[in-house]
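Hydrogens, waters and symmetry mates play no part in the numbers below; they use all other heavy atoms, side chains included.
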Amino acid sequence: QVQLVESGGGSAQAGGSLRLSCAASGSSTSLFRMGWFRQAPGKEREGVAAIYTSNGNTVYADSVKGRFSISQDNAKKSLYLQMNSLKSTDSGMYYCAAYVGPSGGLWHDTNKYTYWGQGTQVTVSA
């Protein structure tokens with residue numbers, strides 16, 4: 001079992017920045033990919049960004065490219081999401097997720113992730 005705990009959410013003005021963190025603990029099982037997802041009220045959960053833990057390759061949703069940056073600290077077993085130039089449409093509950101593999105599948109497919117955090121709220125006001 002892997003436990004994921006997010007932190008760093010809160011409120012920000014449009015154009016501002018927030019940094020989310022996700023701490024992983026528990027099993028030493030290698031994690032193939034970790035990602036950030038978000039869900040706004042009444043909408044489906046969507047992929048924001050993901051990172052492949054072995055080589056650090058990253059992928060982003062078109063809506064956040066150039067504004068958000070995902071990173072990892074393997075030594076600390078932590079995942080981060082730096083969010084800049086925030087928009088009101090970025091508001092929602094943000095979740096950290098981990099996929100143990102095997103390789104393959106769409107990075108933004110929620111069914112491909114085994115472990116999920118409890119979420120942290122991000123609210124961006126115009």
Side-chain angles (χ1 to χ4, degrees):
Q1 288 289 329
V2 175
Q3 291 79 44
L4 302 173
V5 179
E6 303 97 336
S7 61
S11 298
Q13 297 277 346
S17 299
L18 285 172
R19 187 178 190 237
L20 305 184
S21 298
C22 173
S25 63
S27 172
S28 60
T29 300
S30 295
L31 302 176
F32 175 73
R33 183 174 65 228
M34 295 191 72
W36 286 100
F37 290 75
R38 66 187 181 190
Q39 187 168 19
K43 294 190 176 181
E44 292 187 356
R45 192 171 297 188
E46 63 174 358
V48 175
I51 188 167
Y52 292 83
T53 59
S54 61
N55 57 20
N57 285 349
T58 59
V59 287
Y60 296 91
D62 287 344
S63 59
V64 306
K65 279 181 182 177
R67 300 188 297 120
F68 289 13
S69 178
I70 187 172
S71 61
Q72 63 181 354
D73 184 331
N74 288 336
K76 295 182 179 180
K77 294 185 179 180
S78 293
L79 181 72
Y80 307 99
L81 184 68
Q82 178 66 42
M83 305 186 294
N84 299 327
S85 301
L86 284 164
K87 304 176 180 180
S88 57
T89 50
D90 294 320
S91 296
M93 188 69 78
Y94 281 69
Y95 298 91
C96 171
Y99 172 52
V100 299
S103 61
L106 299 174
W107 71 268
H108 51 80
D109 183 352
T110 56
N111 294 317
K112 284 293 184 181
Y113 290 81
T114 311
Y115 303 105
W116 292 84
Q118 81 290 348
T120 185
Q121 181 68 39
V122 171
T123 303
V124 182
S125 55

Lys112 versus Gly105, closest heavy-atom pair with distance: CE-CA, 3.7 Å
Validation row: Gln72, Tyr52 side chains within 4.5 angstrom (heavy atoms): no
Under 3.5 Å donor-acceptor, Ser63 side chain and Ala61 backbone: no
Contact check, side chains of Leu20 and Val122, non-hydrogen atoms, under 4.5 Å: yes
Heavy-atom pair of closest approach, residues Val48 and Val64: O-CG2, 3.5 Å
Minimal non-hydrogen separation, Ala98 against Leu4, with atom names: N-CD1, 3.8 Å
Test side chain to side chain contact (heavy atoms under 4.5 Å, CB included) applied to Cys96 and Met34, step by step: CA-CA 7 Å; Cys96 171; Met34 295 191 72; 3.9 Å; yes
Test log, rule side-chain hydrogen bond (donor to acceptor under 3.5 Å, both in side chains), inputs Arg67 and Tyr60: CA-CA 10 Å; Arg67 300 188 297 120; Tyr60 296 91; over 6 Å; no
Nearest heavy-atom neighbours spanning Ala14 and Ala126: CB-CA, 4.1 Å
Reported CG-to-OG distance for the pair Asp73 and Ser21, which is rounded to 0.5 angstrom: 10.0 Å
Gap between atom CZ of Arg33 and atom CG of Asn57 - 0.5 Å precision: 12.0 Å
Phe32 and Val100, any side-chain heavy atoms less than 4.5 Å apart: no
Side-chain (Thr123) to main-chain (Ser11) donor-acceptor, under 3.5 angstrom: no
Asn111 versus Asp109, closest heavy-atom pair with distance: N-OD1, 2.9 Å
Gap between atom CE of Met83 and atom OG of Ser17 - 0.5 Å precision: 8.5 Å
NZ or CZ of Arg38 within 45° of Tyr95 ring axis and under 6.0 Å: no
Gln39 side-chain N/O to Glu46 backbone N/O, donor-acceptor pair under 3.5 Å: no
Atom pair CD/CE of Glu6 and Met93 - distance to nearest 0.5 Å: 9.0 Å
Lys87 and Asp90 ion-paired at < 4.0 Å: no
Parallel, tilted or perpendicular: ring planes of Tyr94 versus Phe68, cut at 30 and 60 degrees: tilted
is_close_aromatic(Tyr99, Trp107), centroid dist under 6.0 Å: no
Flag side-chain contact, heavy atom, 4.5 Å: Thr110 against Phe37: yes
Gap separating the CD1 atom of Ile70 from the CG atom of Leu79, nearest 0.5 angstrom: 4.5 Å
OG1-CH2 distance between Thr120 and Trp36, expressed to the nearest 0.5 angstrom: 7.5 Å
